**Student:** 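Mind having a look at this structure? Questions to follow.
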Amino acid sequence: MKALLLVLLATAAMAIQPSIVFILTDDQDLILGGADHMPNLKKLVADQGATLTNFFTSTPVCCPSRASIFSGRHLHNIGVRNNSIAGNCSSPYWQRTSEPNTFAPLLQRAGYTTMFAGKYLNMYGSPAAGGTAHVPPGWSRWVGLVGNSIYYDYTISIDGVAEQHGADYAKDYLTDLVANHSITFLHNQGQSSKPFFLMVSPPSCHDPTEAAPQHATAFSNLSVPRPPSFAAGNSGKEWFVTKVGSGFPMSDPNRQHYVDLQYRRRLATLLSVDDLIGRIVETLTQMDRLDSTYIVFASDNGYHLGEFNLLKDKRLPYEFDIHLPSFVRGPGIPSRSLVTAAVLNIDLFPTFLDMASLGPPTTLDGKSALPLLRQAVSLDSHSASLPPSELAHAVTRGLLAGSETAPRDFLVEYYGETSGGLPPVCQGSPDVNSLECYREGPEMARVPPHYDGPTLCSCQDVRNNTYRCLRHVGAGTADPDYVYCEFFTESPTDTPGLQPYHVEMYALDADPWQLTNQAPSLTPARRAGLHANLTSLGSCRGQGCYQR
């Protein structure tokens, strides 16, 4: 009888659906060390689970990447092109077509209590997006930031009711407010065996990079890494990179001072996220739910600071903007382990459903990463001690013994845009009139440490920064990592058959910093094959987007 009782108890425990906590940061890079200075992330998530060294975004900018995370689909299949209402960021079109079909309603219908806290999509809460009264379907509890990431002086929607916040750290600092709401949600689950899905989306480390007072000067002795791509020449690069790099070179000591300061400010904001991670793990432990909960950590896109003479931003198809930090712990995932296979932002949706033992819709472009996580390879003590940026670099170059990567081809796509009008500091330089540029000066930051140099020009985008890329992962195999990109003057989706005005290709095992464009040396047959594969990916749907 006792043996039977133990069997029944074990069976009942296995039948309990696991809970899921998803932490999504904003603009956090991997390549420049953006995840290298978060001790709780390392100790409580990475060391207790798997590091995904080849996690990528399919579109390196906020709203399209987030829309792809929520929908599990590429932007050419959901129509979210940029961070504006016209680009379908939280637009009525998004709300009508994709929003009812995110992972949240599916999990809620399967019995999960769901909560969202933080930044949703950049235009959420605007009048054109239904204001703060609009609560996306599928969320049992909603704490949604109105607009883009910010740390003070914002409006938040609490289950559809607007709540104003000011500039008092104790009451208003957004990362802490999101953490507090999340902890309250967890406590409210009590001893219930009902599973929950908690998505926590703090503003860090997006501009304006305002750190909590206790963290503001934590990295005063750090400078931004200066890999070979820092202030590198722009030979062979697309029009935007070439023009900005020649017009505003990083040889200017004021620009170097600015990116060093910005690097410190970004890392300092992430310390509050690290505090959040510690609080969540502590609370789950107190609830006796830690071992039955998956914790997934990822960023929406990467970032650059000085690479190829670009002051700062994302939006480009280079590794610093598309290659992201990601870590997962939870039931069945080995501790201190490694997943080298490519995993994309569009794979998160089916992964969440797989964690909940739910079958994914056939319309999804992504594929569950849970089988990869359960088969993650254990790291030796030396590799496990490497910072995430160094570990990813070693895997890409095929330098980590036993880390051969399962081949996968995937799409990275982006539609460039121009806002029109230039600040005076950006005028007068060659060929910049069509660029999207902003000023960066001492008055732009309220929270120390402050930039104390002259006002600078920061250019981020232009319409012909429109591209499709085929990113191949296969480090340690006969066909190692490379990326092949085609750049267009307008959307090739809108103009089928449109020919690229520029092509780039980089062999990442030998040239991880993407200094030498090998496209001019491609044979006609090789280029035709890459073009055909990329064109197919550019219009892919469903599992046709998953190519090996």
Side-chain angles (χ1 to χ4, degrees), residues 13-14 16-25 28 30 33-55 179 182-183 185-187 189 195-202 204 270-299 324-341 343 347-348 351-352 354-357 368-392 394-395 400 402-403:
M14 292 176 62
I16 296 175
Q17 285 181 292
S19 295
I20 304 167
V21 174
F22 176 35
I23 302 168
L24 180 67
T25 54
Q28 185 179 8
L30 170 68
D36 291 357
H37 304 276
M38 300 177 68
N40 283 334
L41 176 62
K42 167 68 173 169
K43 178 181 178 181
L44 303 176
V45 183
D47 285 352
Q48 305 304 317
T51 297
L52 287 72
T53 55
N54 276 318
F55 182 77
S182 299
I183 298 302
F185 170 79
L186 292 176
H187 282 308
Q189 305 313 301
F196 58 81
F197 181 94
L198 167 62
M199 180 170 177
V200 190
S201 182
S204 307
L270 288 166
L271 289 179
S272 291
V273 179
D274 207 48
D275 294 340
L276 177 156
I277 292 170
R279 293 180 63 191
I280 286 177
V281 170
E282 180 182 18
T283 302
L284 290 172
T285 302
Q286 294 170 351
M287 297 169 60
D288 198 24
R289 299 286 288 269
L290 181 61
D291 291 340
S292 62
T293 299
Y294 290 101
I295 299 178
V296 181
F297 181 96
S299 174
L324 313 178
S326 184
F327 312 87
V328 184
R329 68 169 289 173
I333 299 175
S335 61
R336 293 196 175 191
S337 60
L338 179 70
V339 173
T340 60
V343 178
D347 296 331
L348 291 171
T351 300
F352 296 149
D354 201 1
M355 289 172 172
S357 300
S368 172
L370 187 57
L372 298 172
L373 291 164
R374 288 175 172 163
Q375 299 168 15
V377 178
S378 295
L379 287 165
D380 60 60
S381 57
H382 170 71
S383 299
S385 68
L386 291 175
S389 61
E390 293 184 25
L391 187 60
V395 170
L400 197 66
S403 65

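Just so you know, residue 1 is the first one in the sequence shown, and it goes up from there. These figures come from a predicted structure and were not determined experimentally.
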**Student:** Please name the pair of heavy atoms, one in Arg329 and one in Val45, separated by the smallest distance, quoted to 0.1 Å.
**Tutor:**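 Residues Arg329 and Val45, closest heavy atoms: CB-O, 3.9 Å.
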**Student:** Do Met199 and Leu24 make a side-chain contact, defined as non-hydrogen atoms from C-beta onward lying under 4.5 Å apart?
**Tutor:**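 Side-chain contact under 4.5 Å: yes.
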**Student:** Show me the donor-acceptor pairs within less than 3.5 Å that the side chains of residues 331-341 make with the rest of the protein, sequence neighbours left out.
**Tutor:**
{"unit_1": "Ser337", "atom_1": "OG", "unit_2": "Gly49", "atom_2": "O", "d": "3.2"}
{"unit_1": "Ser337", "atom_1": "OG", "unit_2": "Pro334", "atom_2": "O", "d": "2.7"}
{"unit_1": "Thr340", "atom_1": "OG1", "unit_2": "Glu404", "atom_2": "O", "d": "3.4"}

**Student:** For Phe55 versus Ser299, what's the shortest heavy-atom pair and its separation?
**Tutor:**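 Of all heavy-atom pairs spanning Phe55 and Ser299, the closest is CE2-O, 4.0 Å.
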**Student:** Among residues at least two apart in sequence or on other chains, which ones pass ring-ring contact (aromatic ring centres under 6.0 Å, His included) with Phe297?
**Tutor:**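 None.
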**Student:** Per the side chain to side chain donor-acceptor pair (under 3.5 Å) rule, what does the pair list look like for residues 33-44, sequence neighbours excluded?
**Tutor:**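 Side chain to side chain donor-acceptor pair (under 3.5 Å) check on residues 33-44 returns Asp36-Ser389, Lys42-Asp47.
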**Student:** Roughly how far, to the nearest 0.5 Å, is the OG atom of Ser201 from the CZ atom of Phe22?
**Tutor:**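 Separation between the atoms: 8.0 Å.
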**Student:** Do Thr25 and Ser204 have side chains that get closer than 4.5 Å, going by heavy atoms?
**Tutor:**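 No; the side chains remain at least 4.5 Å from each other.
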**Student:** Considering residues at least two apart in sequence or located in another chain, which fulfil the ring-ring contact (aromatic ring centres under 6.0 Å, His included) criterion with Phe197?
**Tutor:**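 Phe197 satisfies ring-ring contact (aromatic ring centres under 6.0 Å, His included) with Phe103, Phe352 once adjacent residues are dropped.
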**Student:** Quick one: CG on Leu198 to CZ on Phe185, what's the gap to the nearest 0.5 Å?
**Tutor:**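 One finds 6.0 Å between CG of Leu198 and CZ of Phe185.
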**Student:** What is the minimum heavy-atom distance between Gln28 and Ala35, and which atoms define it?
**Tutor:**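 That closest heavy-atom pairing would be NE2-CA, 3.6 Å.
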**Student:** What residue pairs, at least two apart or across chains, pass side chain to side chain donor-acceptor pair (under 3.5 Å) with a residue in residues 270-286?
**Tutor:**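 Side chain to side chain donor-acceptor pair (under 3.5 Å) check on residues 270-286 returns Asn180-Arg279, His215-Asp275.
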**Student:** Side chains of Val296 and Val21: closer than 4.5 Å at any heavy-atom pair?
**Tutor:**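 Side-chain contact under 4.5 Å: no.
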**Student:** Which value, rounded to the nearest 0.5 Å, describes the distance between Ile295 atom CD1 and Leu284 atom CG?
**Tutor:**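 Here the interatomic distance stands at 5.5 Å.
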**Student:** Please collect all ring-ring contact (aromatic ring centres under 6.0 Å, His included) contacts where either partner lies in residues 273-294, sequence neighbours excluded, each pair once.
**Tutor:**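 Applying ring-ring contact (aromatic ring centres under 6.0 Å, His included) to every pair that reaches into residues 273-294, excluding sequence neighbours, yields nothing.
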**Student:** Could I get the full list of side chain to side chain contact (heavy atoms under 4.5 Å, CB included) partners for Ser19, not counting sequence neighbours?
**Tutor:**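 Expected list: Pro195, Phe196, Arg289, Thr293.
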**Student:** Within this structure, what is the OG-CG distance for the pair Ser368 and Asp347, rounded to the nearest 0.5 Å?
**Tutor:**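 Interatomic distance, Ser368 OG to Asp347 CG, rounded to 0.5 Å: 8.0 Å.
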**Student:** For the atom pair CG (Leu370) and OG1 (Thr351), what is the distance rounded to the nearest 0.5 Å?
**Tutor:**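 Between Leu370 CG and Thr351 OG1, I get 7.0 Å after rounding to 0.5 Å.
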**Student:** Which pair of non-hydrogen atoms, one from Val273 and one from Pro202, has the smallest distance, and what is that distance?
**Tutor:**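 Looking at all heavy atoms of both residues, the shortest contact is CG2-CG, 3.9 Å.
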**Student:** Can you give the donor-acceptor pairs under 3.5 Å from side chains of residues 379-388 to other protein atoms, not counting sequence neighbours?
**Tutor:**
{"unit_1": "Asp380", "atom_1": "OD1", "unit_2": "His382", "atom_2": "N", "d": "3.0"}
{"unit_1": "Asp380", "atom_1": "OD1", "unit_2": "Ser383", "atom_2": "N", "d": "2.7"}
{"unit_1": "Asp380", "atom_1": "OD1", "unit_2": "Ser383", "atom_2": "OG", "d": "3.2"}
{"unit_1": "Asp380", "atom_1": "OD2", "unit_2": "Ser383", "atom_2": "OG", "d": "3.3"}
{"unit_1": "Ser385", "atom_1": "OG", "unit_2": "His382", "atom_2": "O", "d": "2.6"}

**Student:** State whether the side chain of Thr51 and the backbone N or O of Thr53 hold a donor-acceptor pair below 3.5 Å, judged by distance alone.
**Tutor:**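 No; judged by distance alone, with no hydrogens or angles, the pair does not exist.
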**Student:** Is there side-chain contact between Asn54 and Val343, with heavy atoms separated by less than 4.5 Å?
**Tutor:**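 They are not in side-chain contact.
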**Student:** Go through the steps to decide whether Ile23 and Leu276 satisfy the test side-chain contact (heavy atoms from CB on, under 4.5 Å), and finish with yes or no.
**Tutor:** CA-CA 10 Å; Ile23 302 168; Leu276 177 156; 4.2 Å; yes
**Student:** At what distance, to the nearest 0.5 angstrom, does CG of Leu373 lie from CZ of Phe327?
**Tutor:**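 One finds 12.5 Å between CG of Leu373 and CZ of Phe327.
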